[in-house]
Peer 1: 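Have a look at the structure that comes next, please.
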Amino acid sequence: MPTTTDVRARTGFQDHFSTDATAYRQYRPRYPPALFAALARAAPARATAWDVGCGNGQASIALAEHFAVVHATDASAAQIASAEPHPRVRYAIAPAEQSGLPADSIDLVLAAQALHWFHFERFHTEARRVARKGAVICAVAYELAEIDPGVDAIVRRFYKAEIGPHWPADRTHIETGYRDIPWPHSPLSLGRFVMQAEWTLNQLIGYLGTWSAVARYQSATGGDPLPAVRAELSLVWTEPEVPRKVEWPLVMLSGRLDPG
């Protein structure tokens with residue numbers, strides 16, 4: 001199995017998420033089950049799916065409810081090592097642009113909160129290579145959580161001002177709703193979806209701690225920006241153990257793949 005160093009040498013992959021892959025698995029929100037059901041209905045068959053840039057495997061596990069085999073790849077060895085096992089999910093360290101999967105073998109390609117990190121042209125070429133005729137391709141992403149105006153204002157200021165200079169440049173694709181990413185596939189409408197959770201303040205802070213810009217801030221400055229933002233949030237989240245509803249509207253690109 002290739003290492004992350006091998007992958008970086010071949011593709012230029014920059015690993016923003018290996019510093020604490022366990023926290024990423026614990027604190028990242030879960031996609032709505034209706035999304036995966038819609039993907040399965042649209043796929044030409046339910047034999048094989050590819051979760052590309054799978055991270056901790058949360059989307060992989062959800063896809064396994066609908067597909068016989070899910071190939072889950074990520075260029076980060078730490079993410080693969082911390083991913084949740086499942087009998088129908090096959091994890092592997094591989095970049096999006098060089099999956100190692102057989103040609104003409106995949107019914108669904110899903111990139112969940114990952115497309116913006118890829119080399120777009122090479123990824124699209126790889127997706128067409130592995131796709132069966134009529135396969136579905138979907139990229140889904142979420143930006144900032146929506147909780148209430150007071151909390152949202154603090155989180156957005158933290159995102160933009162406190163750690164803003166430490167975001168990798170590719171993150172801006174999420175801010176534009178993926179509208180600036182090339183999408184050379186036949187359009188397909190799957191509907192609109194919202195990701196939801198019920199979180200305490202501790203869970204929100206845990207989620208903020210998984211942001212790549214937080215890790216880059218810590219590495220660059222030697223400091224931790226989370227205690228200050230927690231103190232500020234405590235002024236408006238006055239009952240920190242009481243869960244609040246959190247929503248993330250999903251950005252989606254979807255289409256049909258013509259095998260390459």
Side-chain angles (χ1 to χ4, degrees), residues 16-17 19-36 53-59 61-62 79 110-117 138-179 181 190-218 224-253:
H16 302 298
F17 300 102
T19 52
D20 196 345
T22 301
Y24 191 91
R25 174 178 169 179
Q26 181 177 358
Y27 290 114
R28 283 286 168 139
R30 300 273 171 174
Y31 298 98
L35 168 64
F36 302 101
C54 67
N56 61 11
Q58 62 154 278
I61 300 298
Q79 289 286 355
L110 175 64
Q113 198 72 356
L115 177 65
H116 48 286
W117 305 120
C138 179
V140 60
Y142 53 92
E143 195 187 345
L144 297 182
E146 298 175 358
I147 304 172
D148 69 45
V151 171
D152 297 350
I154 294 169
V155 171
R156 289 184 181 278
R157 187 165 59 250
F158 177 70
Y159 174 89
K160 292 284 188 183
E162 273 68 65
I163 62 171
H166 300 277
W167 282 110
D170 294 336
R171 169 77 190 186
T172 58
H173 293 300
I174 294 182
E175 297 174 1
T176 62
Y178 275 7
R179 290 185 298 273
I181 293 180
L190 294 172
R192 298 183 66 182
F193 303 91
V194 175
M195 189 162 59
Q196 297 181 333
E198 294 282 337
W199 273 358
T200 64
L201 178 57
N202 278 342
Q203 288 172 299
L204 177 63
I205 295 299
Y207 164 63
L208 299 183
T210 68
W211 285 1
S212 58
V214 170
R216 288 159 65 96
Y217 177 103
Q218 292 167 336
D224 185 353
L226 294 175
V229 72
R230 181 189 177 89
E232 191 175 3
L233 284 166
S234 296
L235 299 177
V236 294
W237 199 318
T238 54
E239 297 179 280
E241 299 307 316
V242 176
R244 294 193 181 189
K245 184 178 180 179
V246 187
E247 292 190 340
W248 298 259
L250 297 184
V251 172
M252 287 182 61
L253 298 173

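Throughout, numbering of the chain's residues begins at 1 and tracks the sequence. All values below come from the heavy atoms of this structure, side chains included, with hydrogens, waters and symmetry mates left out.
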Peer 1: List the residues meeting ring-ring contact (aromatic ring centres under 6.0 Å, His included) with Y178, not counting sequence neighbours, and say none if there are none.
Peer 2: H116
Peer 1: Could you give the side-chain donor-acceptor pairs of residues 144-156 under 3.5 Å, partners two or more places apart or in another chain?
Peer 2:
| unit_1 | atom_1 | unit_2 | atom_2 | d |
| --- | --- | --- | --- | --- |
| D148 | OD1 | G150 | N | 3.0 |
| D148 | OD1 | V151 | N | 2.9 |
| D148 | OD2 | R244 | NH1 | 2.3 |
| D152 | OD1 | I147 | N | 2.8 |
| D152 | OD1 | D148 | N | 3.4 |
| D152 | OD2 | I147 | N | 3.4 |

Peer 1: Please list, chain by chain and in numerical order, all residues satisfying salt bridge (Lys or Arg N to Asp or Glu O under 4.0 Å) with E232, sequence neighbours excluded.
Peer 2: R157
Peer 1: Measuring only between side-chain heavy atoms, which start at C-beta, is C138 closer than 4.5 Å to M252?
Peer 2: yes
Peer 1: So which pairs with a foot in residues 194-208 pass salt bridge (charged side-chain N to carboxylate O under 4.0 Å, His left out), sequence neighbours left out?
Peer 2: none
Peer 1: List the residues meeting ring-ring contact (aromatic ring centres under 6.0 Å, His included) with Y217, not counting sequence neighbours, and say none if there are none.
Peer 2: H166
Peer 1: In terms of the angle between their ring planes, are W167 and W211 parallel, tilted or perpendicular, with boundaries placed at 30° and 60°?
Peer 2: tilted
Peer 1: Identify every side-chain donor-acceptor pair in residues 224-231 under 3.5 Å, counting partners at least two apart or on other chains, and give the distances.
Peer 2:
| unit_1 | atom_1 | unit_2 | atom_2 | d |
| --- | --- | --- | --- | --- |
| D224 | OD1 | Q218 | NE2 | 3.3 |
| D224 | OD1 | L226 | N | 3.0 |
| R230 | NH1 | N202 | OD1 | 2.6 |
| R230 | NH2 | N202 | OD1 | 2.9 |

Peer 1: Considering non-hydrogen atoms only, spot the tightest contact between P168 and W117 and give its length.
Peer 2: CB-CZ3, 3.7 Å
Peer 1: What residues form a salt bridge (Lys or Arg N to Asp or Glu O under 4.0 Å) with E247, not counting sequence neighbours?
Peer 2: K245
Peer 1: Which atom pair, heavy atoms only, marks the closest approach of T176 to H173?
Peer 2: OG1-O, 3.0 Å
Peer 1: Minimum heavy-atom separation for A114 to G53, with atom names?
Peer 2: CB-O, 3.8 Å
Peer 1: I need the Q203 CD to L208 CG distance, nearest 0.5 Å.
Peer 2: 12.0 Å
Peer 1: Can you tell me how far the CG atom of L204 sits from the CH2 atom of W199, to the nearest 0.5 Å?
Peer 2: 6.5 Å
Peer 1: Kindly assign one of parallel, tilted or perpendicular to the pair Y207 and W248, based on the angle between their ring planes and the thresholds 30° and 60°.
Peer 2: perpendicular
Peer 1: What distance separates L233 CG from L201 CG, expressed to the nearest 0.5 Å?
Peer 2: 6.0 Å
Peer 1: Taking the side chain as C-beta and beyond, is there a heavy-atom pair between I174 and Q113 under 4.5 Å?
Peer 2: yes
Peer 1: Can you name the nearest heavy-atom pair linking T200 to P240, along with the distance?
Peer 2: CB-O, 3.4 Å
Peer 1: Not counting sequence neighbours, list each pair that qualifies as a side chain to side chain donor-acceptor pair (under 3.5 Å) and has a residue in residues 233-243.
Peer 2: none
Peer 1: May I ask you to check whether E175 and Y159 show a side-chain donor-acceptor distance below 3.5 Å?
Peer 2: yes
Peer 1: Flag the pair V251 / E143 as yes when at least one side-chain heavy-atom distance between them is below 4.5 Å, and no otherwise.
Peer 2: no
Peer 1: Taking all heavy atoms of P32 and all of F193, pick out the closest pair and write down the distance.
Peer 2: CG-CB, 4.1 Å
Peer 1: Which heavy atom in P29 sits nearest to a heavy atom in Q58, and how many Å separate them?
Peer 2: O-NE2, 2.6 Å
